[in-house]
A.B. asks: 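Here's a structure for you.
Chain A is the first sequence line, chain B the second, and so forth, proteins listed ahead of strands; every chain is numbered from 1. Remember, predicted model here, so these are calculated numbers, not experimental data.
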Amino acid sequence: MKAGGLLRIFCVLGFIFLYAPILSLIIFSFNESKLVTVWGGFSTKWYGELFRDPQILGSAWISFQVAFVTATLAVILGTLAAYVLVRFGRFRGRALLTGMSTAPLVMPEVITGLSLLLLFVSMEQLIGWPAGRGKTTIIIAHVTFCMAYVAVVVQSRLAGLDRDLEEAAMDLGARPVRVFFDITIPVIAPALVAGWLLAFTLSLDDLVVASFVTGPGASTLPMVIFSKVRLGVSPDINALATIIIVVVAIAVGLATWYMRRSARNG
Amino acid sequence: MNETVPVALRKPWAGGSEPPFVRIQKITKRFGDFTAVEDVSLDIFKGELFCLLGGSGCGKSTLLRMLAGFETPSSGRIEIDGQDMAGKAPYERPTNMMFQSYALFPHMSVEKNVAYGLQRDGIGRAEAHDRATDMLKMVQLSQFAGRKPHQLSGGQRQRVALARSLVKRPKLLLLDEPLGALDKKLREETQFELVKIQETLGVTFIVVTHDQEEAMTLSTRIGVMNEGVIVQVGEPSEIYEHPGSRFVADFIGSVNLFEGRVTEDKPDYVEIAAPDLGGSIHVGHGVSCTVNQQVWYAIRPEKVRLSRERPESRRNAFEGVIDEVAYLGNLSIFRIRLANGVLVRATRANLSRYDDEALTWDEKVWIAWDDTAGVVLTR
């Protein structure tokens, strides 16, 4: 089993490379010492410090609001896009719509951010909306790229949905709208939940796009962290990062579990 | 009309004043360049169990889907119970359909699946529950009412699908390969159950199937389809014993086909020269044909007699050698090679458990048949 042994070693090395930095971050978040690199004993004081910092709490609340609204809007728009792409067969501009709806997946964030900023500025000059930049503009920006992810996830689920189910419902007397809410939505629900969680974490994580399109008074959590770290890494950032990692891990874990469970139940 | 007499005995299709329940008039369906169903006209009567039989891609499912309203005919007219179905959506039609995939809603329990159609009609929760429960009792699934479809076996799912499509008491039930996904044993049991339910409820059934045995067992009448066209319509025995074309003769059951030319055409008999057999076939009744016309003689394997001695009658008797014997338990299939190399199939019921005299490989035998046993086909 020489090959197997070697494989195992590489596997372990790979995981260490990926997760050691995160692990050290989590460990040092419980460090007593103010020096980030020197272990001074176990303590949870940085977590306490964190929750007394109004700037952190405020931006966390903004981030949460933005992520929540973004995820919800992205699921609605992404599902509609997916439905059109899967169900409407060949229509004029289908290839264009496919390309446009998935483009944000590969578009560099800097370009997305910059172009949206330019759009918002010129829109404000032309029609007076959005007046200034803040949470609204961040949400709009986030929805543009999050809905692409949702569309991809929902599209695959929708393509796998047995058309007979919808026809059967129609045959039993349900009108198309009824069929959509009674049959289509419940059957693709796992993809909707997974898409929502995915959009939520993407929005929560984003720094670049948000930095471009935000305005005064609407700093998201990643922005606050970034600006703090530029002044030097303080241990309370480790604590904050740990919390974020836990939240994101739970969301991703839930999304995966939900997708798997529904795949099993067919 | 007399409703108490079963439709299979009433035979309204043979003539009479009873109006057809389903009237399909010159229906054509094209998908782009492809014609799936071509100029099909069909009358189906109340209480019938009508089978649309054909190979895959013959258009039978498309025809069924047009009756259900999932496809719109390119031209033609469908009437159900005197009502024109043009422009009627599936949810407005007096039909229900049982899908080949069963299409049970995976997120609903068995009972919710069955009650779904009733609730769409605005029937209250309590009454819907009662009727669903009754229907589940009829298909013997009462104890599974709370289960989800994925917790059921194939046979149980089939019965849920049947219950769901019957619970609304449709005037017409459309079944797409209803027994296709079941194994042989279960299929045979379910066939009889299906007929029983159909007779009890008096609903008109239209069944699509590719399985000729299923069609023979179930139906009052069969419509054989090929390449989008109805080739022949008739009662099972009619289709089997009086096929109208080589396609039908070959598609339903197995058959020996010999090509030949009419040499004598008399009102009470016909003589056909068949090079395949190395002789001539005597047909003991008149046939509408002309001398020298090319015809095909179709004879079923079970109507071919085998004997070691030369039969008394010299007519329709030919000599050959047994090429192959297949023992199927209830009967044996023989393949007899004639002098010119043509193979003829014959079957024999295994009447005795100990048959020392059984015909076997490489034996010389005579094949023979009655002069009314076969069918003369002109196309």
A.B. asks: Should Thr144(A) and Val209(A) be marked as a side chain to side chain contact (heavy atoms under 4.5 Å, CB included) after you check the CA-CA gap, both sets of side-chain angles, and the distance that decides it?
C.D. replies: CA-CA 11 Å; Thr144(A) 55; Val209(A) 176; over 6 Å; no
A.B. asks: Keeping Arg157(A) on the side-chain end and Leu192(A) on the backbone end, is there a donor-acceptor pair under 3.5 Å?
C.D. replies: no
A.B. asks: What distance separates Thr204(B) OG1 from Phe21(B) CZ, expressed to the nearest 0.5 Å?
C.D. replies: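 It is 4.5 Å, given to the nearest 0.5 Å.
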A.B. asks: Should the ring pair Tyr83(A) and Phe88(A) be called parallel, tilted or perpendicular, given that the plane angle runs from 0 to 90° and is split at 30 and 60?
C.D. replies: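 Perpendicular, since the angle between the ring planes exceeds 60°.
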A.B. asks: Can you check whether Thr112(A)'s main-chain N or O pairs, donor with acceptor, with Ser115(A)'s side chain at less than 3.5 Å?
C.D. replies: yes
A.B. asks: What residues of residues 134-143 of chain A sit under 4.5 Å from chain B when only non-hydrogen atoms are counted?
C.D. replies: none
A.B. asks: Which residue is it: Val208(B), Leu53(B), Leu63(B)? I am looking for the one with a side chain to side chain contact (heavy atoms under 4.5 Å, CB included) to Met225(B).
C.D. replies: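 Filter result, single survivor: Leu63(B).
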A.B. asks: Looking only at atom types and distance, does a side-chain atom of Lys171(B) sit under 3.5 Å from a main-chain N or O of Pro94(B), one as donor and one as acceptor?
C.D. replies: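 Not a single qualifying donor-acceptor pair exists.
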A.B. asks: What part of Leu174(B) gets closer than 4.5 Å to chain A, counting heavy atoms only: side chain, backbone, both or neither?
C.D. replies: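 Neither the backbone nor the side chain of Leu174(B) comes within 4.5 Å of chain A.
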A.B. asks: So Cys51(B) and Val207(B), do their side chains get closer than 4.5 Å, heavy atoms only?
C.D. replies: yes
A.B. asks: Can you list the residues of residues 159-186 of chain A that sit under 4.5 Å from chain B, counting heavy atoms only?
C.D. replies: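 The residues closer than 4.5 Å to chain B, in numerical order, are Asp162(A), Asp164(A), Leu165(A), Glu167(A), Ala168(A), Ala169(A), Met170(A), Asp171(A), Leu172(A), Gly173(A), Ala174(A), Arg175(A), Pro176(A), Arg178(A), Asp182(A), Ile183(A), Pro186(A).
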A.B. asks: With no hydrogens and no angle check, is any side-chain donor or acceptor of Ser63(A) less than 3.5 Å from a backbone partner on Leu221(A)?
C.D. replies: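 Here the side-chain-to-backbone pair exists.
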A.B. asks: Heavy-atom pairs under 4.5 Å with chain A are the metric here; pick the option from Ser165(B), Ala103(B), Pro170(B) that has the most.
C.D. replies: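 Looking at each option in turn, the highest pair count goes to Ala103(B).
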A.B. asks: Counting only N and O atoms by type, is there a donor-acceptor contact under 3.5 Å from the side chain of Asp121(B) to the main-chain atoms of Ile123(B)?
C.D. replies: no
A.B. asks: With a 4.5 Å heavy-atom cut-off (strictly below), which parts of residues 65-76 of chain A touch chain B? List them by number.
C.D. replies: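 Answer by number: none.
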A.B. asks: Kindly say whether Lys26(B) contributes a backbone atom to a donor-acceptor pair with the side chain of Arg77(B) at under 3.5 angstrom?
C.D. replies: no
A.B. asks: Tell me, for Met98(B) versus chain A, whether the close heavy atoms (under 4.5 Å) come from the side chain, the backbone, both or neither.
C.D. replies: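 Neither part; nothing is under 4.5 Å.
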A.B. asks: Would you call Arg125(B) and Gln119(B) a side-chain contact if the rule is heavy atoms closer than 4.5 Å?
C.D. replies: yes
A.B. asks: Considering residues at least two apart in sequence or located in another chain, which fulfil the ring pair (Phe, Tyr, Trp, His ring centres under 6.0 Å) criterion with Tyr116(B)?
C.D. replies: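 In terms of ring pair (Phe, Tyr, Trp, His ring centres under 6.0 Å), with neighbours along the sequence ignored, Tyr116(B) is linked to Phe105(B).
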A.B. asks: Can any side-chain N or O of Arg93(B) pair as donor or acceptor with the backbone N or O of Leu67(B) at less than 3.5 Å?
C.D. replies: yes
